[in-house]
There are 2 protein chains.
Amino acid sequence: MLDDRKASILRAVVQEYIETAQPVGSGRVSAAPGVDVSSATVRNEMAVLENEGYLAQPHTSAGRIPTEKGYRYFVDTIGAPGALRGEQAKQVKAFFARAHGELEEMFESTSRLLSGLTAWTGVVVPPSAADVAIRSVQVVGLAPSTALVVTVLADAMVEKHSVELPADVGDDVVARASLHLAAQLTGTMRGAVPADVATTGDADTDGVVGAVIEVLRRTTPADTAEEVFVGGASRVASAFDAVETVQQVLSVLEEQLVVVTLLRDVVDRGLQVAIGTETGMETLADAALVVAPYTVDGERAGSIGVLGPARMNYPEAMAAVAAVSRRLGHHLTEG
Amino acid sequence: MLDDRKASILRAVVQEYIETAQPVGSGRVSAAPGVDVSSATVRNEMAVLENEGYLAQPHTSAGRIPTEKGYRYFVDTIGAPGALRGEQAKQVKAFFARAHGELEEMFESTSRLLSGLTAWTGVVVPPSAADVAIRSVQVVGLAPSTALVVTVLADAMVEKHSVELPADVGDDVVARASLHLAAQLTGTMRGAVPADVATTGDADTDGVVGAVIEVLRRTTPADTAEEVFVGGASRVASAFDAVETVQQVLSVLEEQLVVVTLLRDVVDRGLQVAIGTETGMETLADAALVVAPYTVDGERAGSIGVLGPARMNYPEAMAAVAAVSRRLGHHLTEG
DNA sequence: GCTGGCAGTCGGTAACATCGAGTGCCAGCT
DNA sequence: AGCTGGCACTCGATGTTACCGACTGCCAGC
């Protein structure tokens with residue numbers, strides 16, 4: 001839509017603004033590489049860009065800052081995703097080389113990795129458990145009428161739910177139910193627990209089995225608030241200058257369900273980047289989100305992202321998110 | 001140490017400052033209830049209080065603000081812990097009345113409750129698992145040479161650890177090891193897993209058993225970074241005016257181990273309140289922490305706290321923390 | 001059609017006066 | 001002896017004014 005010159009001027013404004021967080025004047029733009037016209041020409045072009053909504057002027061005698069539309073154009077014309085800087089690439093490599101242990105820890109530290117790579121806040125949404133096979137089910141009695149059902153999934157995630165038992169039953173009944181359930185459910189997808197399973201012939205045991213099945217069906221991962229891992233939330237403090245904004249963004253990050261929905265939504269819309277209101281949240285008007293899904297065994301699993309101010313370094317953030325999502329998927333596929 | 005008049009003047013300054021966050025002048029103090037002397041007298045006394053380190057003056061022509069020592073005196077002379085305001089008491093009651101379900105959820109929402117009651121950030125440290133009996137142990141094979149050991153404790157907490165198996169063993173061996181471990185460990189304290197258990201006679205099985213035991217001993221809860229639940233972290237943004245401080249406090253909250261240690265440390269020193277440097281952390285110099293341990297079955301279990309600015313409403317925060325810790329302990333004891 | 005030049009705008013900064021909240025001190029009253 | 005009213009003084013906050021400089025928009029000329 002924009003001719004080459006306007007495009008390069010817009011690019012220069014965005015890059016300069018990202019770096020300095022100060023309104024950019026025609027002088028600076030004219031001096032920027034890729035712009036070989038005088039500042040007067042730049043002024044004329046910038047006036048047009050402002051009219052068309054790519055730039056804005058805080059006040060008459062100030063330079064321009066990019067609008068949401070301006071950032072959007074910039075992001076859309078970046079072209080190649082770009083590679084990480086050597087140092088960062090090394091950091092990512094080192095991270096996945098020594099990554100091991102619990103999945104939760106892995107996700108947690110991946111979010112911190114993202115934060116470290118970009119100087120903003122990292123977010124990791126684990127794979128939805130619905131499409132993962134159940135590896136083991138165990139029911140453990142806790143009190144006379146409550147038990148805990150612990151489910152291990154094939155991807156090493158562990159779920160637990162407390163179950164209200166229909167009647168005061170003994171440990172032996174619970175144990176029998178546990179074995180029965182393990183036999184019946186091992187191998188089925190977590191999201192496809194059948195409503196009724198084979199009966200055992202013993203009423204008490206069947207009661208326990210039924211209660212557990214019901215809980216497992218009710219808490220199918222897709223419906224449940226899934227966990228999300230946030231790393232580097234403190235960076236939010238330095239990302240925005242208005243205290244109010246900081247507070248609002250932190251509030252968003254505190255609500256796991258909101259964050260999960262947000263990421264999923266952006267990914268589903270096919271976006272790599274959601275800028276300001278594109279996120280669909282008013283409270284994130286000054287923020288931007290760079291996301292990427294990652295695949296495990298060729299299937300889209302979860303997603304990761306970086307949340308920062310609208311004036312974040314998109315090429316860098318996109319490179320970081322792309323690199324981490326690729327390696328994370330790989331890592332999880334390997335097992 | 002302070003005579004009645006000085007004490008009441010100090011009290012008035014602290015209360016006023018907590019309310020307005022503005023330096024308090026002699027006029028205001030003189031008008032405060034409990035202070036029945038002229039502003040001139042107040043001025044004289046305030047000069048003394050400043051000399052003795054209870055008050056400070058931001059600049060010559062301003063009022064006084066309390067120092068750490070001033071807050072400390074205030075807190076030490078509050079006397080009765082004070083009751084919650086009716087509305088809040090109702091809120092706490094309602095919360096515990098409908099509390100149910102997973103322990104994690106419970107702790108999570110308790111931290112939010114604390115935050116809601118005080119307008120600051122709530123923190124909940126779950127009971128240390130070391131002194132809790134193991135209710136069930138199960139080993140689940142994931143890949144040829146890795147397995148997951150899932151431990152259910154008597155207090156409904158679930159732990160999981162991945163285990164590197166010594167040799168590629170079949171599912172049957174893992175299953176046998178699992179049963180053997182369950183039989184051997186059920187009932188022992190999580191913190192007292194014995195170094196060697198009875199052998200099974202089968203070398204492969206014993207290999208798996210040994211690996212699991214080693215992991216369980218290595219990850220004894222006391223040594224491990226224990227989880228902590230933080231609610232209302234976004235409140236930090238409005239608690240301090242310097243962005244830098246906000247950022248530092250958020251950083252502290254991001255480090256679970258630091259927070260756990262902090263709370264435990266303060267409780268162990270027998271304090272209910274740690275003000276500024278009393279927390280032992282430079283980055284919390286402008287903050288204060290109100291803590292309380294809670295007891296389950298009469299034993300000290302975990303602790304809860306509220307983190308806010310040094311000028312927080314101590315009576316209110318202490319009442320909230322006391323009430324919640326009492327009811328939380330009660331709730332967990334009931335089971 | 002680009003560019004240098006120029007008048008004009010307006011935020012930011014500095015210098016300066018003013019205001020007022022608050023202090024320290026002192027003389028006088030009880 | 002101790003409290004208090006009074007008073008001079010301090011100093012941040014607020015407002016005024018002037019000025020600087022970074023920009024802009026526009027225009028005439030190359």
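Since the structure is predicted, the reported quantities are computational estimates derived from the model, not experimental observations. The chains referred to below are lettered A, B, ... by the order of the sequence lines, with proteins before strands, and numbering in each begins at 1.
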*Just do the side-chain hydrogen bond (donor to acceptor under 3.5 Å, both in side chains) check on A:Ser115 and A:Arg235 with the steps written out, would you?*
CA-CA 8 Å; A:Ser115 172; A:Arg235 310 262 196 179; 3.3 Å; yes

*Which nucleotide in the set C:dT23, D:dT4, C:dT3 lies at the smallest distance from any side-chain heavy atom of B:Val37?*
D:dT4

*Shortest side-chain distance from B:Ala40, nucleotide among D:dG5, C:dC10, D:dC11*: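 Side chain of B:Ala40 sits closest to D:dG5.
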
_When you measure only distances, ignoring hydrogens and angles, does the side chain of B:Arg43 come within 3.5 Å of the base of D:dG5 through a donor and an acceptor?_
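When only heavy-atom distances are counted, B:Arg43 does not reach the base of D:dG5 through any donor-acceptor pair under 3.5 Å.
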
*Establish whether the base of D:dC11 is bridged to the side chain of B:Ser61 by a donor-acceptor pair shorter than 3.5 Å.*
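A donor-acceptor contact between them is present.
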
Value in whole Å for how far the [atom2] atom of [N] lies from [atom1] of [X]:
X	N	atom1	atom2	result
A:Gln57	C:dG11	CD	P	11 Å
B:Lys6	D:dG2	NZ	C1'	12 Å
A:His59	C:dG12	NE2	C1'	9 Å
B:Met46	C:dG22	CE	C1'	8 Å

_First of A:Pro23 and B:Arg5 reached from the 5' end of DNA chain D, by closest nucleotide_ =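 Here B:Arg5 is the residue nearer the 5' end.
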
*What distance do A:Leu117 atom CG and A:Glu87 atom CD have between them, rounded to the nearest 0.5 Å?*
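A:Leu117 atom CG to A:Glu87 atom CD measures 10.0 Å (nearest 0.5 Å).
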
*asked:* Heavy atoms only, 4.0 Å cut-off, all strands: where does B:Thr41 land among base, sugar-phosphate and nothing?
replied: base

_Side chains of A:Glu68 and A:Thr277 only: does a donor on one sit below 3.5 Å from an acceptor on the other?_
yes

